[in-house]
Amino acid sequence: MRIPTRKKPEVLSPAGNLRGLKTAVDYGADAVYCGGKAFGMRSAPKNLSLEDFEEGSRYAHERGARVYVTCNVLPRNNEIEAMRGYIGQLKDTGVDALIVSDIGVMMMARQVAPNLELHVSTQAGVTNYQAANAFYELGARRVVLAREMDLQAVRDIRANIPDDLDIECFVHGAMCMAFSGRCLFSNYLTGRDGNHGECAQPCRWKYSIVEEKRPGQYFPIEQTENGAYLFNSQDMNMLGHLDDLIDSGATSLKIEGRAKSAYYIAAMTNAYKTAVNEYMIQRGFEDADGNILLPFHDRVIRPSDPDYGQGTEDQVMRNADAAFAGVADEGYDRAVATSDAPEPDGMSSHARSTRHKSNTAIEQIETDWKHAAVRPAPHVELPEWLLEETDKVAHRDYSTGFYYPEHKVTQNTDRSAYFRSWLVVGEVLSWSADEGGRVTLMSRNKIEPGQQVEFLLPGERPLAYIVPGDGLRDADGTPVPAINNPAHVFSMPCPHQVPINAAIRSRTKKPTLKAE
């Protein structure tokens with residue numbers, strides 16, 4: 001039996017395989033999106049089989065979570081009937097929704113699998129409420145907005161569409177250099193079609209110049225002495241700004257990363273779920289135990305509301321207006337603080353304007369159009385340990401994407417690698433209360449006495465722990481001075497009960513630039 005749509009903000013996590021799906025659910029995901037062996041925009045070998053979807057759906061539904069399947073390729077003529085058959089198979093696996101981008105596939109899905117929800121992919125490039133309403137009339141129950149949308153555009157769409165049409169927005173992960181991800185770069189250079197899950201990511205490559213009459217002689221584009229990465233977009237990180245996005249009408253908060261590790265899925269799912277819980281408590285919708293105090297509702301003022309267009313004060317806009325007048329805001333943006341870039345104009349991106357500042361036709365032509373405002377509310381304060389979680393996975397430089405027009409995502413032109421300052425050193429296999437508490441683990445990297453590690457716990461602050469000076473044993477129970485053989489079973493004293501499959505991580509001795 002499928003799980004009904006949530007009535008409060010949804011944390012939507014990625015999964016590239018069955019283990020990733022279960023990990024996302026275990027760490028608090030309200031829904032998981034994943035691809036099958038065909039017709040998804042990630043390479044097939046790590047995706048889910050029909051049997052995986054059946055098992056994964058049962059696992060998710062038993063824990064109150066939902067499963068969405070990506071069918072968001074733009075199919076060619078010779079793929080139409082195969083896709084029809086594939087959707088016919090998916091409808092019997094227990095999944096809850098299909099994510100589509102092609103309008104023909106959408107109509108096909110309505111015929112073949114009428115009981116599945118239809119979600120319109122970001123590949124469809126929905127940038128306005130007219131398009132969202134058109135998809136709604138065609139049967140869609142969710143639109144995944146183009147990543148190029150700012151907060152004001154999200155508000156305007158929310159104010160002018162039915163309340164039962166979900167808005168899904170990306171909140172974390174890699175950004176594509178192409179509009180809504182619709183890119184032919186890989187196909188042109190390598191013959192690998194990004195729209196069919198085979199992107200070679202040439203936007204991340206290093207480029208130099210070759211002069212026509214000097215073949216084989218490469219001249220670096222002097223961004224750095226190592227060359228230049230012209231199209232290398234920063235990653236998105238909206239953890240500290242979720243209140244702005246939820247207040248602006250986002251229904252579902254999407255974490256990017258179906259090709260990422262189970263650890264990445266666990267850490268980011270846990271972080272965003274905890275942040276949403278903080279939002280619900282600080283906004284007065286729930287108490288600390290999760291009991292409902294008020295029905296959830298975003299803060300967008302709709303045309304049907306009595307105070308629509310009456311100049312209701314918008315806290316974000318008010319702070320931005322002060323900043324544009326040359327008055328620095330008191331806030332500070334972590335996304336900027338963690339990079340080498342200075343904070344522009346002394347203004348935090350939390351307070352940046354979401355108004356349109358471009359010279360568009362709608363601003364030149366006299367109309368009755370009014371941008372939707374939001375009812376003011378204090379900023380949701382997240383604990384520092386939670387904000388630090390995004391730095392404990394491998395990542396490129398962070399930005400807040402396109403949500404704040406004066407602080408847009410840019411590209412890192414000097415490198416394409418990931419920052420890695422924490423490593424997964426083990427995974428919990430079991431915990432026993434014997435001998436005062438003992439954890440058995442599968443090793444991933446070296447663990448030695450005196451080393452500080454953290455256990456990543458679902459729904460909680462990570463558990464910091466100092467590895468004891470003795471008591472380390474191998475799988476046979478033989479004492480060892482340190483755990484230094486990857487992919488081997490060891491055990492060590494641990495008085496704190498920790499769950500199976502919990503990741504054990506440790507800060508690296510020297511931060512590295514390395515791919516995930």
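- Under a 3.5 Å cut-off, the side chain of Thr122 and the backbone N or O of Leu145 do form a donor-acceptor pair.
- Going from atom CG of Asp244 over to atom CZ of Arg299 covers 11.5 Å, rounded to the nearest 0.5 Å.
- Of the possible polar contacts, none joining the Arg507 side chain to the Trp422 backbone as a donor-acceptor pair under 3.5 Å is found.
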Exercise. Show your reasoning for whether ring-ring contact (aromatic ring centres under 6.0 Å, His included) applies to His496 and Phe455.
Key: CA-CA 10 Å; His496 310 282; Phe455 292 89; 8.2 Å; no

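- A distance-only check finds no donor-acceptor pair linking the side chain of Thr269 to the backbone of Tyr27 [under 3.5 Å].
- For the pair Ile3 and Ala65, the tightest heavy-atom approach, listed with the atom from each and the gap, is CG1-O, 3.5 Å.
- Salt bridge annotation for Arg505-Glu389: present, with a cationic side-chain nitrogen under 4.0 angstrom from a carboxylate oxygen.
- Within 6.0 Å of atom CG in Leu138, more than 12 heavy atoms from other residues, nucleotides or ligands are found, so the atom counts as buried in its surroundings.
- Between the Thr251 side chain and the Ile167 main chain, a donor and an acceptor come within less than 3.5 Å of each other.
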Quiz item: Can Ser121 and Ser101 be said to form a side chain to side chain donor-acceptor pair (under 3.5 Å), step by step?
Solution: CA-CA 5 Å; Ser121 169; Ser101 56; 5.0 Å; no

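- With Asn133 contributing its side chain and Tyr129 its backbone, the two residues share a donor-acceptor pair below 3.5 Å.
- Geometric assessment of Lys254 against the ring of Tyr33 yields a positive cation-pi assignment under the 6.0 Å and 45° thresholds.
- Atom CE of Met280 and atom CG of Asp287 lie 11.0 Å apart (nearest 0.5 Å).
- The cationic group of Arg396 does not satisfy the cation-pi geometry with Tyr398, failing either the under 6.0 Å distance to the six-membered ring centre or the 45° limit from the ring axis.
- Aromatic rings of His241 and Tyr404 (six-membered ring for Trp) have centroids within the 6.0 Å cut-off, being under it.
- Judged by distance alone, the side chain of Arg142 and the main-chain N or O of Ala140 form no donor-acceptor pair under 3.5 Å.
- Dense packing is recorded around CG of Leu293, with more than 12 heavy atoms of other residues, nucleotides or ligands lying under 6.0 Å away.
- Exactly one of Thr70, Val67, Asn47 qualifies for a side chain to side chain contact (heavy atoms under 4.5 Å, CB included) with Cys34. That residue is Val67.
- Ring orientation note: the planes of His172 and Tyr272 are nearly perpendicular, at an angle over 60° on the 30°/60° scale.
- In this structure a side-chain-to-backbone donor-acceptor pair under 3.5 Å is present from Asp156 to Ala372.
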Exercise. Step by step, work out the side chain to side chain donor-acceptor pair (under 3.5 Å) result for His119 and Glu117.
Key: CA-CA 7 Å; His119 298 176; Glu117 281 188 17; 2.8 Å; yes

Quiz prompt | salt bridge (Lys or Arg N to Asp or Glu O under 4.0 Å) evaluation trace for Lys8 with Asp30 | solution = CA-CA 10 Å; Lys8 63 181 184 180; Asp30 303 305; over 6 Å; no

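- Atom CZ of Arg6 sits in a crowded spot, with more than 12 heavy atoms from other residues, nucleotides or ligands closer than 6.0 Å.
- Salt bridge annotation for Asp247-Arg375: absent, with no cationic side-chain nitrogen under 4.0 angstrom from a carboxylate oxygen.
- Rounding to the nearest 0.5 Å gives a distance of 8.0 Å between CG of Leu116 and CG of Asp96.
- At a threshold of 4.0 Å, the pair Glu168-Arg141 does not count as salt-bridged, since none of the basic side-chain nitrogens sits closer than that to a carboxylate oxygen.
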